[in-house]
Amino acid sequence: MAGDLARRLEKLREEIRRHNHRYYVLSRPTISDAEYDRLLRELERLESEHPELVTPDSPTQRVGAPVSALAKVEHAEPMLSLENAFNEAEVREWEESLRNFLKAESLDTDFAGEPKLDGVSVEVVYEDGFLVRASTRGDGWTGEDITHNVRAIRSVPLRLAGRRVPALLEARGEAIMRKDVFQRLNRELLEQGEEPFANPRNLTSGTLKQLDPAVAEVRPLDIFFYGAGRSAGIEPRTQRELLVLLGELGLRTNLELAAFGGLDAMLAAYAALEERRNDLPAEIDGMVIKVDDLRLRERLGTRARSPRWALAVKFRAQQATTRVNAIVVQVGRLGTLTPVALLDPVEVGGVTVQRATLHNAEQIRKLDVRAGDTVFIERAGDVIPKVVAVVKESRRGNERPFQPPERCPACGTRVEQEEDAVAIRCPNARCPARVSAQVEHFVSRAGLDVEGIGPKLIEQLVARGLVHGAADLFRLDAESLIGLERMGEKSAANLLAAIDRARQPALDRLLFALGIAGVGQHVAEVLAAHFPSIETLGGASAEELEAVKGIGPEAAAAVRAWFALEENQALLRDLSGLGLRPRALPAPAAGKGGAFAGQTVLFTGTLSSQTRAEAEARVKEQGGRILKSVSRNLDILVVGEDPGSKLKKARELGVRIMTEAEFLERIGD
Ligand code: IVH
């Protein structure tokens with residue numbers, strides 16, 4: 001029967017692999033997290049009963065033992081770098097140089113334009129479909145072996161998908177950390193009073209060079225593949241075909257769809273990409289233009305360090321210089337005091353910036369930044385810009401060094417410095433600035449998402465003694481609101497209605513909103529998926545918490561500590577008494593649920609991201625139904641380019657209109 005069991009295990013692995021791909025590569029899961037966990041647990045159980053049947057490509061074998069050092073790896077084909085261009089003229093010059101090199105009037109090829117991801121370039125080698133080695137670029141010829149860490153990256157398959165798996169594939173791509181992940185990790189570091197990382201690239205590089213892959217597991221990375229070194233068994237003729245092939249093999253290829261066409265199309269795509277750069281989930285610093293035809297690439301060949309056939313067109317720097325008018329201290333919801341530079345307004349990457357975080361006194365000392373200084377500021381990974389350096393040459397001698405406050409600027413309480421930490425805190429739980437920050441967090445988008453209540457209003461509510469904590473929001477009435485700045489009867493009624501709607505939050509949102517240290521959006525989701533109510537979560541032991549995939553000992557301890565405090569128990573009782581009823585997360589059955597569950601959808605006009613048939617298939621996968629014409633039964637009309645008469649009719653009937661971008665967002669693209 002051993003053969004039967006081996007087959008059953010392989011089937012289970014195959015299924016998990018498929019769901020991994022749908023979740024991590026396509027962002028289109030078809031089963032719930034709970035169901036996925038069930039499959040994984042079954043596999044783990046069977047494997048632990050039959051350790052002789054464990055295979056190295058099993059989804060349970062991602063995170064292995066630490067290595068003792070990073071071995072050197074020679075690249076069979078060197079990993080080159082790219083020549084840079086900064087403007088249209090240089091791009092046109094490049095194309096001319098290609099024509100000259102080939103002694104041709106025109107180039108008989110399209111170009112491919114891809115986002116230039118700002119991360120760490122890596123090579124991942126697959127032999128007969130199995131991931132055997134991963135390495136950093138190093139000096140281009142010799143890199144370091146980071147197989148143990150790359151295996152821990154969930155979007156990287158341990159085994160290639162599809163029927164036509166090549167005998168050899170040296171896949172090349174860029175390892176990155178998504179901006180939201182970077183921000184979450186840095187927030188957690190700051191909350192723990194530790195030094196934040198400078199940008200996602202440094203954190204990616206630092207993570208990939210760890211000896212213990214457990215680190216890579218809690219600092220989730222991604223790899224986007226854009227090329228190949230040697231290969232055997234595949235014969236793409238163009239970059240376009242190569243990207244499709246890599247995708248079919250289960251590798252994640254593009255953060256953003258690549259553009260194809262002539263040079264003018266590339267320049268247009270470049271401008272469009274720069275427009276959108278801050279909205280993308282990962283940092284990019286330009287666009288790479290590549291000759292699409294791979295045979296032509298061979299004829300063009302390489303220079304010493306870079307191929308002739310590709311060009312990196314960089315974006316304008318998201319850096320600027322400006323003056324620090326003052327350094328003030330901001331009080332966070334956990335009492336952490338963060339120094340902030342107030343700046344002469346300056347434009348950085350299309351956004352006007354007036355404040356920049358300085359993180360903590362240690363950072364200020366390192367940078368030696370003083371009020372009155374001229375500084376370099378940069379937007380990197382974070383929406384919040386930071387001061388990266390002082391222009392010392394511009395000093396005039398009257399700059400004022402920062403004095404860390406001895407008392408909280410909001411409530412006057414003597415500040416505390418935690419041992420082994422650089423941060424200072426206001427220990428007063430009633431500090432109005434802390435309470436305001438807590439309430440802001442409570443009602444924030446990722447929290448209870450109460451519309452129409454911003455920092456200014458909260459500050460007023462706290463200052464007037466109407467709100468001493470989050471629960472007091474549910475005690476507000478029209479009488480107490482009217483008379484506040486810019487608050488008439490109408491806006492008071494709207495606000496109260498919005499607060500009332502927040503009385504039944506999804507459990508994960510409430511967990512986030514409570515502001516438990518270490519419980520960001522992601523951890524909150526994980527917890528809510530496992531514990532049906534706040535009571536069961538509060539009653540869970542450290543062991544039970546740590547048994548949940550994605551919850552480490554630190555988060556478990558933080559959750560336990562939060563629930564152990566009587567004041568937090570009182571808050572929960574208070575909220576409950578005020579009618580707050582969190583909703584457990586539904587565990588949708590496969591096939592049910594989905595982004596368009598129970599809705600009817602119709603498309604009009606041309607879609608740019610996919611064909612109509614593909615888009616319709618996505619709607620169906622996500623639980624929706626396609627209608628043939630506009631009628632009162634239609635829920636959503638998705639509008640592409642040059643929409644027809646359907647749009648007019650839908651408007652008349654008051655049907656919800658959705659742009660292609662909104663559609664992509666809804667399906668998670
Ligand atoms: S192609 C021969 N495509 O940019 C080199 N590189 O500055 C072929 N990069 O080391 C590289 N996104 O790490 C290529 N879509 C993309 C890229 C990309 C980011 C990085 C890569 C390379 C660096 C060169």
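We count ligands from 1, going down the list as the structure has it; atoms in each ligand are counted the same way. Scope of the values below: all heavy atoms of this structure, side chains included, with no hydrogens, waters or symmetry mates.
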Which of the numbered atoms in ligand 1 are below 4.0 angstrom from a heavy atom of [X]?
| X | result |
| --- | --- |
| E114 | 3 (N), 15 (N), 16 (C) |
| P115 | 12 (N), 15 (N) |
| P307 | 2 (C) |

Can you tell if the side chain of [X] reaches within under 4.5 Å of the side chain of [Y], non-hydrogen atoms only?
| X | Y | value |
| --- | --- | --- |
| E170 | V125 | yes |
| H75 | S135 | yes |
| E144 | K72 | yes |

May I ask you to identify the nearest protein heavy atom to [atom], giving residue, atom name and distance to one decimal place in Å?
| atom | value |
| --- | --- |
| atom 12 (N) of ligand 1 | L117 N, 3.1 Å |
| atom 11 (C) of ligand 1 | Y226 CE1, 3.9 Å |
| atom 8 (C) of ligand 1 | L82 CD2, 4.1 Å |
| atom 10 (O) of ligand 1 | S121 OG, 3.7 Å |
| atom 23 (C) of ligand 1 | K116 NZ, 3.9 Å |

Between [X] and ligand 1, which residue portion shows a heavy-atom distance shorter than 4.0 Å: side chain, backbone, both, or neither?
| X | answer |
| --- | --- |
| K290 | side chain |
| L80 | both |
| E174 | side chain |

Taking all heavy atoms of [X] and all of [Y], pick out the closest pair and write down the distance.
| X | Y | value |
| --- | --- | --- |
| L40 | P59 | CD1-CB, 4.2 Å |
| P29 | Y23 | CB-CD1, 3.7 Å |
| E90 | N84 | OE1-O, 4.4 Å |

Close approach of S306 to ligand 1, heavy atoms, under 4.0 angstrom: no
Separation between CE of M177 and CG of N199, rounded to the nearest 0.5 Å: 11.0 Å
Residue that, paired with F111, satisfies ring-ring contact (aromatic ring centres under 6.0 Å, His included) out of Y270, W94, F260: W94
